[in-house]
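Because only heavy atoms are used, hydrogens play no part in the values below, and waters and symmetry mates are left out as well, while side chains stay in. In what follows, chains are A, B, ... by sequence order, proteins preceding strands, each numbered from 1.
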Protein chains: 2
Amino acid sequence: MRAKGGMTIGQAAVSSGVPPKTIRFYEEMGLVKPAERLANRYRAYDESNLQTLRFIRRARDLGFSLQEIDKLLALYRNRRRASEDVKRLALAHVAQLDHKIAELTRIRDTLADLARRCHGDQRPDCPILDDLERPRS
Amino acid sequence: MRAKGGMTIGQAAVSSGVPPKTIRFYEEMGLVKPAERLANRYRAYDESNLQTLRFIRRARDLGFSLQEIDKLLALYRNRRRASEDVKRLALAHVAQLDHKIAELTRIRDTLADLARRCHGDQRPDCPILDDLERPRS
DNA sequence: CCTTGACCTTCCAGTGGGGGGAGGCCATAT
DNA sequence: ATATGGCCTCCCCCCACTGGAAGGTCAAGG
């Protein structure tokens, strides 16, 4: 079954860190181009495909969306890219992250404060429920 | 159409901050009990329903999942609840938030560092793409 | 009386990023 | 010959909604 540099989807999954289901999903979404097929219809992957999958995996770990990754891949493959374009994408994502972190932190502090003021005993009085119940103007 | 304390789903939506679609969704999910119906099959809401919807809205704003809100609502309605139980739910959620914030912050710092080291000009060299390309052990 | 427009109703589909599992083919080891 | 296990496609599920289509209901205006 195995050609010289070829591997099945399972091998590619182990080697790239992207599960088989997810690889098929990326193919269906058009994020990666359809894999070559062996005579038995099994998908075949080589080092080049693997590199792409690892790239995607790392980008996902850094929180990029699949849309953003699509753009990153285009830049990655374009030898005449301007690093300016990559940097702009990255900084936009940093800004998104900052926004999300700020939002979660605000929520976290509010909730921690409410919890701090809650006795946490057998009595029913609870500032947390009081807050949830209180109508907002 | 309007009974004394009754309002339509649209009025309830404005007054609670929960959109009509979402109210129906909560009903279908069993998070709120099915609304009373008028003769014309329109859902009817009173102050009590409104209080529940505002409670849910606030809890969602604080990042609780619908499952968690279901538990919070049960505690809210139980006059013999122990504030301990509410506090435990809240602190578990704070812990989740802390975990998420730490993760996002780690990603943010990694990405900001890569972007800082990228020239961001017309040249193709880019530490960000270099990082994404690099195989992980 | 009729139309318009703003409501309301139900049902279906899609979002993002996959996971689980059915039912069937293929490859290898016993 | 058969038992495993990997691969194939296909469809459904998750979360928490959101949008849209098709149709019922109601008040106001001409």
Round to a whole Å and report the spacing from [atom1] of [X] to [atom2] of [N].
X: I23(A); N: dG6(D); atom1: CD1; atom2: P; value: 15 Å
X: E28(A); N: dC10(D); atom1: CD; atom2: P; value: 9 Å
X: Q67(A); N: dG18(C); atom1: CD; atom2: C1'; value: 16 Å
X: L38(A); N: dC8(D); atom1: CG; atom2: P; value: 9 Å
X: I56(A); N: dG16(C); atom1: CD1; atom2: P; value: 16 Å
X: Y42(A); N: dT9(D); atom1: OH; atom2: P; value: 11 Å
X: L53(B); N: dC17(D); atom1: CG; atom2: P; value: 12 Å
X: D70(A); N: dG17(C); atom1: CG; atom2: P; value: 12 Å

Measure the shortest side-chain to side-chain distance between [X] and [Y] over non-hydrogen atoms and say whether it is less than 4.5 angstrom.
X: T8(B); Y: Y45(B); result: no
X: N49(A); Y: V32(A); result: no
X: D85(A); Y: K71(A); result: no

Flag the pair [X] and [Y] as a salt bridge only when some basic side-chain nitrogen lies within less than 4.0 angstrom of an acidic carboxylate oxygen.
X: D125(B); Y: R123(B); value: no
X: D113(B); Y: R117(B); value: yes
X: D131(B); Y: R136(B); value: yes
X: R43(A); Y: E27(A); value: yes

Under 4.0 Å: is that the gap between some side-chain N or O of [X] and OP1 or OP2 of [N]?
X: R57(B); N: dA16(D); value: no
X: N40(B); N: dC8(C); value: no
X: R41(B); N: dT25(D); value: no
X: T22(A); N: dG17(C); value: no
X: R43(A); N: dC7(D); value: no
X: T8(A); N: dG6(D); value: no

Relative orientation of the end axes in the helix from dC1(C)-dG30(D) to dT30(C)-dA1(D), expressed as an angle to the nearest 10° (five pairs per end):
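What I find for the helix from dC1(C)-dG30(D) to dT30(C)-dA1(D) is an axis angle of 30°.
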[X] [atom1] to [Y] [atom2] distance, which is reported to the nearest 0.5 Å:
X: L66(B); Y: Y26(B); atom1: CG; atom2: OH; value: 5.5 Å
X: L89(A); Y: L111(B); atom1: CG; atom2: CG; value: 10.0 Å
X: R57(A); Y: T22(A); atom1: CZ; atom2: OG1; value: 9.5 Å
X: Y76(B); Y: I56(B); atom1: OH; atom2: CD1; value: 10.5 Å

Would you kindly compare A44(A) and A39(B) by the position of their nearest DNA chain D nucleotide and give the one closer to the 5′ end?
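Mapping each residue to its closest nucleotide by heavy atoms, the 5'-most match is A44(A).
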Closest approach to the side chain of I9(A), judged atom by atom: which nucleotide of dC7(C), dG18(C), dC8(D) is it?
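Within the option list, the nearest is dC8(D).
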Compare the minimum distances between each of dA16(D), dT18(D), dG17(C) and the side chain of P19(B), then state the nucleotide with the smallest one.
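Closest nucleotide to the P19(B) side chain: dT18(D).
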Quick one: label F64(B) by what it contacts on the DNA or RNA (base, sugar-phosphate, nothing), any heavy atom closer than 4.0 Å.
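Touches nothing.
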Identify whether any heavy atom of R24(B) sits under 4.0 Å from a base atom; if not, whether one sits that close to sugar-phosphate; answer base, sugar-phosphate or nothing.
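Result for R24(B) = base.
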Return yes if the base of dG21(C) and the side-chain atoms of K21(A) contain a donor-acceptor N/O pair under 3.5 Å, otherwise no.
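Indeed there is one.
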Determine whether a donor-acceptor pair (one donor, one acceptor, N or O, separation below 3.5 Å) exists between the side chain of Y26(A) and the base of dG17(C).
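There is none.
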If you take any heavy atom closer than 4.0 Å to DNA chain D, which residues from residues 91-100 of chain B end up in contact?
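Of all residues in residues 91-100 of chain B, none places a heavy atom under 4.0 Å from DNA chain D.
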